[in-house]
Amino acid sequence: MDEGELQSKGVSTHAGFPNAASGSHNKQLDLSRLLIHNPSSTFLMQLDSDEWSSEGMHAGDIIIIDRSLDPKNTDLVVWWDQSQFIISKKSQVEQGAETWGTVISVIHQVKK
């Protein structure tokens, strides 16, 4: 598909550096606007293991956590086990433990 076909389907394409001479008709790609919906309740954490590689999350990746959401049983959540933060499906959180926040996005760096 060419750029025109993608835009007609509601897909925005961005490549290279912005051209100041092109005018202001092009929208800027703003990661904060795209990934963070509740800024006052959103936190970032960096993963230190590949434990969740099956879910596409690897050591060094940054997870975005929203504490204002009410997670479903199939959502990935972060919870505290009295010594460290743990990531698991909501349905697998230890009995009596409180969910700290819901994982909403992962930032994965391809080349380090």
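Computation of the quantities below employed the complete heavy-atom set of this structure, encompassing side-chain atoms and omitting hydrogens, waters and symmetry-equivalent molecules. Values in this document were obtained by computation on a predicted structure and should not be read as measured data.
Sorted by first and then second residue, the salt bridge (Lys or Arg N to Asp or Glu O under 4.0 Å) pairs with a member in residues 30-57 read Glu55-Lys89; sequence neighbours excluded. Among pairs with a residue in residues 93-112, those fulfilling ring pair (Phe, Tyr, Trp, His ring centres under 6.0 Å) read Phe43-Trp100, His58-His108, Phe85-Trp100, at least two apart in sequence or across chains.
Among all heavy-atom pairs drawn from Ser88 and Val93, the shortest one is OG-CG2, 3.8 Å. Closest of all the heavy-atom pairs between Met57 and Val103 is SD-CG1, 4.5 Å.
Taken from OG in Ser105 to CD1 in Ile63, the straight-line distance is 10.5 Å, to the nearest 0.5 Å. Within the model, atoms CG of Asn73 and CD of Gln92 stand 10.0 Å from one another, a figure rounded to the nearest 0.5 Å.
Partners of Asp75 under the side chain to side chain contact (heavy atoms under 4.5 Å, CB included) rule, at least two apart in sequence or in another chain, are Pro71, Lys72, Thr102. Gln84 pairs by the side chain to side chain contact (heavy atoms under 4.5 Å, CB included) definition with Asp81, Ile86, not counting sequence neighbours. Take Ile104 and apply the side chain to side chain contact (heavy atoms under 4.5 Å, CB included) test, not counting sequence neighbours, and it matches Ile64, Asp66, Leu69. Looking at residues two or more places apart in sequence or on another chain, you find no side-chain hydrogen bond (donor to acceptor under 3.5 Å, both in side chains) involving Trp52.
Proximity of Leu47 to Val106: side-chain heavy atoms (C-beta onward) are nowhere separated by under 4.5 Å.
Trp79 and Ile87 fall into different hydrophobic clusters, where Ile, Leu, Val, Met, Phe, Trp and Tyr residues are linked whenever their side-chain heavy atoms come under 4.5 Å apart, directly or through other members. In this structure, Val78 is a member of the same hydrophobic cluster as Leu76, with clusters built from ILVMFWY side-chain heavy atoms closer than 4.5 Å.
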Residues Thr42, Leu35; criterion side chain to side chain contact (heavy atoms under 4.5 Å, CB included); working and verdict:
CA-CA 10 Å; Thr42 300; Leu35 300 175; over 6 Å; no
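Proximity of a side-chain donor or acceptor of Gln46 to a complementary backbone N or O of Ile62 within less than 3.5 Å is not detected.
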